[in-house]
Amino acid sequence: MIYYLALLLLLSGDVELNPGPMIDDQPNISLLLQWLEPLVDWKPFGILLPGITQQDITTIEDFAIDTKQSKGALFSKWLKKNATATWRDVLKALTKREEINLLQTINDQLQEHQCTGGANDTSTTSTVPVVSTVSSSVSVIDKPVTSTTSGNPKDILQSHSDKLVHAISVNLYNVTDALYAKDLIPQQTKEDVHVLGVTNNEKSSKLVNVIEKQLEPSLNPEQYLINLCHVLINQQHLTLTDIATSILHQLGQSDVAKPFSSIPDDVQGYADNMRQHYRDQPIVATDWPPKIGKDYFGRLALVEKKESYSTQAKSDWYRIRGQVDKMLELPENKEISVEDVLQPTDSSVSLRVVIDGPPGIGKTTLCRKLLNMWSNGPLVYQQYDLVLYCPLRDSKIAEATTLADLFVRQRYEVPMVTEWFEKRNGEGLLIIFDGWDELSEQLRQSSLAASIIHRKQLDQCSAIVTSRSYASSSLLKMDTLSKHVQVIGFSEKVISTVIIQTLQIDIKLAQELIDAEKKGENNKDFLSAVKLINDLKVRGDIRSLCYIPLVCSMVILVYCKEGGNLPTTLTELYENFILQTIRRHVNKHDINPCTLGSLSSLPSQLAKPLQEMCQLAYTNLANTTMTFHSHQLQLLSEAVKEDYLGLMTTFREFDEEKYQFLHLTIQEFLAAWWIAKHKEKTEEVFKHHFDNDHFRMCLRFVAGLTHLEHESYQQYFNKQQLDLQCKRKPLLNTYLSCFYQNPKIRQTAKVMETFHIYADFDNVPISLFHLLYESRNEKLCRTLANSINKNSLCLHRHRVTQLSLFDWLCLGYFINNSKTEWNHLHLGIIDFHDRELSVFTDELVARNSLQTQCKRLEIWLHKPTAESMRKILEPSIFCNIQECYFELYRGEYVPCHVLLQLLNLPKLMILHLIMEYPTIPTVDDDTYYTDMYTELEKCIAEKVKLLVEMNINYSGTEEITGTLVSVIRGAKRNKTITSLSLSVSVRQKDPPPLPDGEIEQLLKDNSTLKTLLMNISDELLPSSLNIVEVNTPLTTLEIEEKSSKLMVPLLHRIKGLECLILHEPYPWPHLLFLSHSSLNTLNLPLDTAESANKLFAILQTNTTLETLNVEMQKERIYTSSVGTSLQDMLTQNQTLKYFEINNGIPSSFLSFITTGLTRNTSIKHLNVYIPIPSTHEHVTNHFIEAVSKKVNLTELNVNFTLELDQSYISYSEEDKQQKMTRLFYEQGLPAITSMLQSHSTIIKLRIGCTHINGELTKPHWIELVKKLYDTIFKHPSLKYIEFNNNLAAFTHRPLEDTLKDQKKTLIERCKKEQPGKPLPIVDLNLIK
């Protein structure tokens, strides 16, 4: 009986079972996908979710296929990164994106679940409106009401109209926008309210009149009036709430929002007066530099700090470089909005918030923004009856002893107001103390402000305290601290918005440009704002300073004064700004500012004060002093002290007035002016500070002012054999030299990612490029170029950190003016969408120099387009390329067209092209592709006259057959190509295969090919292959496993190979030597003991094979007979030089190799996997001892593997890692050390290891590692040693830390004991 009663109650909605989500519940992915399905623009929404960064958005965008998958990945990433995620966060993000319909829908869902547990409620009783804290404009959820009213809606509204007009006028614009959002007034009314020239009271009267007119024809006047009241209540304004509550009661609505506690008329009157005062004052107080953008301080990036020493250090590092977006990504920094500053952090609504940041960042203006927000309506999270602004620089405020002393605006109500708040212990009062750093130390310890901040007085009020960062430390230690907020400046996107809002007078056009910029689009019109934004993307040196509002305004000012152009150099920008500042300064004097043409030609009454300012700047910069005491300025002339030419600002610290320049870079420029114009022996001063990072920017300004024309500057650019060429791993597969003229380039994907050495070499001198660009000294460009060894420059990511756009600009300037024929330029990885390539090539094209050429170009392009390919080949420097190595990752282009672009290079001899997952555009013209295929075939067959090596590697989901056919047909008739590699993988169901006979005709008709690699998947090969005649003079052949269909028919017809690389087992390996008697290189998998025995047996007497690479992955191969056969082969064959077994082997098999090696005298290169057994350690030691005695062995590749017996078969991966790590350090490394101590001829050594936990370390391991490094640096012949754990990201903490600690000592000792011997390269494979 009880069960059925409960069931009935459940069905009626009075008992909740499995209630739906509440606003503070964590969302689940299925509901997110369902409720946010209409959301189209997911990226700007996602970046507003707490914890999601721009990098997350970019990663999702790169790998997701469609919008649905993108949103799924976004929600999954968010819930994983933010354990405290709630539906409230979703609603806040939707609010900021103004997704009103979605917001209302989800809010309704949450309300429905809250009230009914998700069940349908068909009762006729009215529901209780839920007030959300998400946004004042959408916080009340309206539900239909069917209850009986106690009055006529029209009469009720009319009786309240006079009070309503006055109350709405105080909060006119917010009320109007909210009414329009709820569709309670027409759009025309909203537009009328926002026109200028009419008082708020008049507008309010007209608005109430419109409401009355809307009420009359309404189908449900009662519901209309209820909806109106909900909007008024949401404004959280006392009078509006009282009026709305009264109306709702007269309508018979008992369940309404509780009215605010009434406050005395005197308090309300003073508050209304302060609201009007704050509303009238500008948010940006200063007029110099000029204001930038409407309401721009609302766009400042703010973070709530969770203090951490390491994070603070990173924050400081990023701030110095202007990388605000990087600061936002730090895990301890939570980006917040201005509204979030006063969001409660616990159950208490009384807050103590510290806001700090560097000078000029906008702390004071942020305070004025909060005041303005309060004056225009209630703050989002808190309702304050009164907000007081208390600037602590005002001595009356600083020395106040009573609450009344803090009231800047004295009116008759003040005594009553203070008494009322004091009786309430400050409840409902917010005090903003601005400028804690301007208080004396004594007042910081004992003052009314300090007492309130520390909750010793008025403990129920809320307080905000602003301070420069250096003075905020004591505040951050308060037990009463609620929140630490840091103002960190403009993010990159906001800089663009600020520029647009400042320069575009047309508000509508400005908004269109802002929207385009946020979507990453470029407006093609040369409007001034868009042009400046694009210029700044290139000029990273200037843009990196624009995060500070002061500097941002300076840049916009100079840009406008220069007629819509940025100066070429940073020096010109600062010279112009300082000149503009001085011109403004002399407006107060009897000097015509128009007569001031430049800083160098100032009249004496200005030149002398400027000289004094410059000397002050230099002297203090040299002493690393950025703030000055008043006594330091006493020697300055009165003309300077009047206002310091507008270049300095003052502040108080410890009750002392101090001074500093508007920005550090202004001090650095003035110091440079002093060095260049007034300091004797400028060149000596430059040399003295050259290695001082603190002077880096200053010396850049010196370069711009002097152009580095003195001959003494040559010494910084005339380096002796600066080695900047590529450093690639020497231990690659031994057969590569058979395939390519340049064996250092792999044919596999990600060539530039995989095989560069991870080690310290000469750094690419980026700072010198900056000096060259600033100086515009072409002669020094040639000097530096001539210093670079072999005219080879590598910008691979293990050579340099990521280059900025400005770095690329400077690099382009240097290369273009080098007047050098570069043997090799490796441009590393370039993301076309980040404009690196465009900036670089534009600089080259702008100053095309026929004297600058490049023979070999290597580049990895991320998301290229046909346009990007055209741009990179446009400069004359690249017109005569002889070797081209391109890797294209994703992007949109036609592979056939890219091939044509590259093959049309007139002097091209070698082409390696890797194309991964491109998007191939579709065209309506049916002949477009067929004509291009015909052109490609003809180009390869007839036009290319010098091409000898072509390597085409394609992988993707798009059809590529047409291009492949054209390449094969062209190669068939070509008379110069001797090496052809075709690797094609199409991840497509049933891709169109090659036509019958194409491969057969290539092998029959071509008369020049000596090297052929075929890696065309079997799906693309024709169903039948009929290879009858092979006339191609092949000597080298590689057939990948994807082309297994080709192997048998091709090998049956080809004779006389010298190099054969197979990736699938060949049934008759011993017969290969009958058809290819001169075979000297063989790579072959073995899958049976019989085939292995036959191969090793025939090789016992073979005298031609020099390189053997075998894989024996089947356990059945490791028999004693195969071991004996291999041992005999190693013993008897004395021509084999390179021997590799490319897979793990059991310890029982290692003894056969050990015995064979002991008797072998020819092998120079050995690659073998060594099992480290849990027992029988002697097996490994015997092998190492045998290797130690092989003086003929110069290259060794050792891969340690873990061998576990049956007792360890149930080991987890973590257990295996712990065991292998211990064995590696306690058995493997000591064995290697012992081998090196005995082996005096080894040159290259690679040590690999599997199942390693790189983070593990023990003290006695460190000692073993030290002994190894000691041996390495003492070794007479070792040039290169590499450690690898066969994972993408290598970590060996003991190896890394020990090398870092010992490196300097080891190098010094090596140079002392073995002078003239090159230092060994220790490559730890660290991702830099």
Side-chain angles (χ1 to χ4, degrees), residues 735-741 747 899 903 908-913 936-953 963-984 993-1016 1018 1020-1022 1024-1040 1042-1064 1066 1071-1084 1104:
Y735 58 80
L736 286 178
S737 58
C738 303
F739 273 81
Y740 308 116
Q741 289 188 14
Q747 80 280 14
L899 270 169
L903 290 169
L908 189 66
M909 298 177 66
I910 298 175
L911 172 62
H912 286 216
L913 176 62
L936 177 60
E937 177 187 340
K938 185 176 181 180
C939 179
I940 297 174
E942 302 173 8
K943 291 186 179 180
V944 293
K945 302 297 184 183
L946 301 175
L947 190 67
V948 295
E949 181 175 310
M950 183 162 66
N951 176 351
I952 309 298
N953 188 313
T963 301
L964 181 59
V965 170
S966 297
V967 171
I968 293 174
R969 288 176 178 174
K972 176 180 66 176
R973 296 190 287 140
N974 180 276
K975 303 301 181 184
T976 61
I977 298 175
T978 60
S979 176
L980 177 64
S981 298
L982 298 176
S983 181
V984 179
L994 291 172
D996 291 340
E998 295 296 343
I999 293 178
E1000 293 91 331
Q1001 286 298 122
L1002 172 68
L1003 296 170
K1004 178 183 177 182
D1005 296 346
N1006 182 278
S1007 60
T1008 59
L1009 277 182
K1010 295 182 179 180
T1011 298
L1012 179 64
L1013 180 149
M1014 297 296 280
N1015 184 23
I1016 302 173
D1018 285 343
L1020 285 172
L1021 293 174
S1024 63
L1025 286 167
N1026 185 23
I1027 300 174
V1028 177
E1029 184 179 356
V1030 177
N1031 295 322
T1032 303
L1034 290 176
T1035 58
T1036 300
L1037 175 66
E1038 179 172 1
I1039 301 176
E1040 294 274 2
K1042 292 178 182 177
S1043 302
S1044 57
K1045 194 188 294 186
L1046 269 174
M1047 182 171 62
V1048 173
L1050 194 53
L1051 286 178
H1052 280 178
R1053 296 296 178 182
I1054 295 179
K1055 308 291 182 184
L1057 288 176
E1058 296 175 5
C1059 173
L1060 177 61
I1061 313 298
L1062 299 177
H1063 296 272
E1064 284 284 311
Y1066 185 66
L1071 299 180
L1072 291 173
F1073 294 92
L1074 298 178
S1075 302
H1076 312 284
S1077 57
S1078 300
L1079 197 64
N1080 60 40
T1081 300
L1082 178 63
N1083 183 96
L1084 185 67
T1104 62

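These figures come from a predicted structure and were not determined experimentally.
At distances below 3.5 Å, at least one donor-acceptor pair connects side-chain atoms of T1032 with backbone N or O atoms of N1006. Remark: the backbone N or O of N1026 is paired with a side-chain donor or acceptor of E1000 at under 3.5 angstrom. With R1053 contributing its side chain and I1027 its backbone, the two residues share a donor-acceptor pair below 3.5 Å. Here the side chain of N974 pairs a donor or acceptor atom with the backbone of I940 at under 3.5 angstrom. Not one N or O on the side chain of H912 forms a donor-acceptor pair closer than 3.5 Å with the backbone of N951. Remark: the backbone N or O of E942 is paired with a side-chain donor or acceptor of K945 at under 3.5 angstrom. Between the T1035 side chain and the K1010 main chain, a donor and an acceptor come within less than 3.5 Å of each other. At least one donor-acceptor pair closer than 3.5 Å links the side chain of T978 to the backbone N or O of V948. Judged by distance alone, with hydrogens and angles left aside, the side-chain atoms of N1015 form no donor-acceptor pair with the main-chain N or O of E1040 at under 3.5 Å.
Taking 4.5 Å as the limit, some side-chain heavy atom of L1003 sits within range of a side-chain heavy atom of L1050. Proximity of I1016 to L964: side-chain heavy atoms (C-beta onward) are separated by under 4.5 Å at one or more points. Between P993 and L1020, every side-chain heavy-atom pair lies at or beyond the 4.5 Å cut-off. Within the 4.5 Å cutoff, no side-chain heavy atoms of D1005 are placed close to those of N1031. No side-chain heavy atom of N1083 sits less than 4.5 Å from a side-chain heavy atom of L1060. Contact annotation: the side chain of D996 approaches that of P1022 to within less than 4.5 Å [non-hydrogen atoms, C-beta and beyond]. Within the 4.5 Å cutoff, side-chain heavy atoms of C939 are placed close to those of V944. Two residues are said to be in side-chain contact when any heavy atoms from C-beta on lie closer than 4.5 Å; I999 and L1021 meet this criterion.
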Task: Test log, rule salt bridge (Lys or Arg N to Asp or Glu O under 4.0 Å), inputs K972 and E998 - done: CA-CA 9 Å; K972 176 180 66 176; E998 295 296 343; 5.0 Å; no
Open item on the list: Set out, in order, the CA-CA distance, both residues' side-chain angles and the distance that settles side-chain contact (heavy atoms from CB on, under 4.5 Å) for I1061 and T1081, then state yes or no.
Closed with: CA-CA 8 Å; I1061 313 298; T1081 300; 4.3 Å; yes
Open item on the list: As a quick check of understanding, evaluate side-chain contact (heavy atoms from CB on, under 4.5 Å) for I977 and L1009, giving each step before the final call.
Closed with: CA-CA 6 Å; I977 298 175; L1009 277 182; 3.9 Å; yes
TODO: Start with the C-alpha gap between N953 and L913, add the side-chain angles, then the distance that decides, and say whether side-chain contact (heavy atoms from CB on, under 4.5 Å) holds.
DONE: CA-CA 6 Å; N953 188 313; L913 176 62; over 6 Å; no
TODO: Given side-chain contact (heavy atoms from CB on, under 4.5 Å), test L1013 with L982 step by step and report yes or no.
DONE: CA-CA 6 Å; L1013 180 149; L982 298 176; over 6 Å; no
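For the residue pair S1044/D1018, the side-chain donor-acceptor check at 3.5 Å is satisfied.
A distance of 7.5 Å separates OG in S981 from CD in E1038, rounded to the nearest 0.5 Å. Considering OG of S1043 and CG of L1062, their distance stands at 11.5 Å, rounded to 0.5 Å. Of the inter-residue distances, the one linking L1002 atom CG with L994 atom CG reads 11.0 Å to the nearest 0.5 angstrom. Annotation: the span from T1011 atom OG1 to E1058 atom CD amounts to 9.5 Å, rounded to 0.5 Å. In this structure, the separation between CE on M1047 and CG on L1037 is 10.5 Å, given to the nearest 0.5 Å. We find the OH-CG distance between Y1066 and L1084 to be 10.0 Å, quoted to the nearest 0.5 Å.
Nearest heavy atom pair, residue L1057 against residue H1076, reads N-ND1, 2.9 Å. A pairwise comparison of heavy atoms in M1014 and L1046 identifies CB-CD1, 3.8 Å as the closest pair. Scanning all heavy atoms of the two residues, the minimum distance from R969 to P995 falls at NH2-CG, 4.4 Å.
Around the NZ atom of K1055, the shell of radius 6.0 Å holds more than 12 heavy atoms that belong to other residues, nucleotides or ligands.
With respect to L1012, the side chain to side chain contact (heavy atoms under 4.5 Å, CB included) criterion is satisfied by exactly one of I1039, L980, T1036: L980.
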